[in-house]
Each structure stands twice: as structure tokens, then as C-alpha cells.
Amino acid sequence: MAYNEFAYFYDSFNEDADYEALYRHVKGQLDAHGITDGILADLGCGTGELTLMLAQAGYDMIAIDQSEEMLCVVRDKADQLELTGRLLLLQQDLCDLDLYGTIRGAVSTFDTFNHLPELDKAIANAAFFMEKGGVLLFDMNTPYKHREVLGNNTFTFAADEADCVWKNHLEEDGRKVRIALDVHDHETGERFHEEFCEYTYPLDQIRASLERHGFTLESVCDGETFGPLTDTSERYFFCAVKNYTQLEGEQNG
Ligand SMILES: C[S@@+](CC[C@H](N)C(=O)[O-])C[C@H]1O[C@@H](n2cnc3c(N)ncnc32)[C@H](O)[C@@H]1O
């Protein structure tokens, strides 16, 4: 379990992330599929940057994360933006997802799906609650990034409130990167340590998983430029469309 105390510093360390560009791409894909309102899930919403942009655009958002601290940050931001009426917060593991009804679409961004040891389960769960014609929009770090960028490298991040040492260890079989974070809170002087893994999923495995659970992978592009994929793309961005209702799926075996 991670993203505990780190949740409170996540936005400071992630300052360079371009959520505006991400939002524009996501919104463009939703509009292109005729999804201009209704219920969307943000799977592994983190501090809710994208969730709240989508709520502001008029979607009813279910913000799901296993970290209570992340959800506290989302709640505080939603309060400030007076968006709580458009938001349901759920503390759940994406591998055991249980929603109260169907969703028109789901987003999952900034590598949340790489955190899952059983990606196939999370895709099955998203499919189970997704309406026919609904879209699953998500990004994932590429095997290239795990191998060549994270690898066994250590990075440091400095913000006014805190600094962070981010240490990666690529497992020998290349299937996951172990990540250890050491954060120093400048205000309180506290230091804390968190550990988690990012799992490596090749494109073929992701596509097979989507198809197994009733999605068509409509497009995959570079998750940073939103242009064509290259050999050195560090992030994929996927748009998958659900082909049938859950009932139709069960009837067809
Ligand atoms: C890198 S952050 C991305 C957050 C957010 N989507 C964004 O765009 O900034 C990954 C998030 O996934 C959550 N997460 C990791 N594993 C999870 C799981 N099994 N179930 C639910 N949330 C999970 C973490 O708590 C964290 O908030």
C-alpha cells in the first residue's frame, strides 16, 4: 500500500504534469464518442486533477482510489471548487471494483494501471460496469520507459514544501520496477518512506485483455504528445470502446 503521506505532496512533485493537455485529449475522445454527460469513473483518481476538470465539464464523477489520503485531497479540492455535488468518492481496490450502477465511460491516468499486479482483473471490472458504446480511456508507462528510463535509476524532486528521493529497481526478469520513496517534509521536519511497484505490460497483452472483456482497442497513441507512438514513447494512451452490454455478454457466453 502506498500513496499515504505522499498523497499530500503529490501535486507539488507533479507540478510539470500537463493535465490541461491530458484533459483536452480525454474530452476530445469523449465528445467524439457522443459522451457529453452522464457518469464517468476515474479509476485510481489520485489527487483528482483530471476528475475535477471532468466534473467542471458537467460529468458526474465517481473518483475511486485505494488511498484514503488521496481521496481526502480530492475532497478538499472539490469543496473549494464547490463541486462536491458532482462527485462520489469511493475507497476501493480496482481489482475488486464494485459500483452501484453502470458508467458511460472511465478514465485512468498517470500510470495507475501499471500499479496493478492483475491488470486483467481491473479491465474485467471496468467492462462489467460499462455501458455498450462506453469508452475506457487510460494511459500506461511503456516497457521502454521501465527498462530505459526508470531502470535502476534514482531521481530527486525538490519543492518548497518537501523534497523526495525516488529510487527505482528493475527486477531481473524485466516485469516490474520496485519504487522506494523517501520524502522530507520541510515544514514539520518529518521524514517518511513508502514503497510500491509498477508492473510492465507489453502492448499485445493489454490489447488481448481488452478484447477478452468486450472492448475494441480503437486507438493507441503516445501518452505525452498524443501523436503517433514511436520506439521511444514513454507512455501509451489507449481508447477502447465497449462492444456489448453485460447482459449481451453473458447471453453470448
Ligand atoms: C500515479 S497515481 C495517478 C493518479 C491520477 N490518476 C493522476 O492522473 O494524477 C496512481 C494512483 O493509483 C492509486 N492506486 C494504485 N493501485 C490501486 C489499486 N489497486 N486500486 C485503486 N487505486 C490504486 C494510487 O493510490 C494513486 O492514487
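Atom set for the values below is all heavy atoms of this structure, side chains included, hydrogens, waters and symmetry mates excluded. Ligands are counted one by one from 1 in listed order, and the atoms in each one are counted from 1 as well.
- Under a 4.0 Å N-O distance rule, the pair Glu195/Arg178 does not qualify as a salt bridge.
- Annotation: side chain to side chain contact (heavy atoms under 4.5 Å, CB included) contacts of Leu71 (sequence neighbours excluded): Cys45, Asp65, Leu89, Gln91.
- Ring centers of Phe113 and Tyr201: at least 6.0 Å apart, outside the cut-off.
- The salt bridge (charged side-chain N to carboxylate O under 4.0 Å, His left out) search around Arg212 returns Asp120, not counting sequence neighbours.
- Residues passing the salt bridge (charged side-chain N to carboxylate O under 4.0 Å, His left out) test with Asp163, sequence neighbours excluded: none.
- Among protein residues, Tyr3, Tyr10, Tyr19, Gly44, Cys45, Gly46, Asp65, Gln66, Ser67, Met70, Gln92, Asp93, Leu94, Thr109, Phe110, Thr112, His115, Leu116 come within 4.0 Å of ligand 1, judged on heavy atoms.
- No option in Lys77, Glu69, Arg75, Met70 other than Lys77 meets the side chain to side chain contact (heavy atoms under 4.5 Å, CB included) test with Val73.
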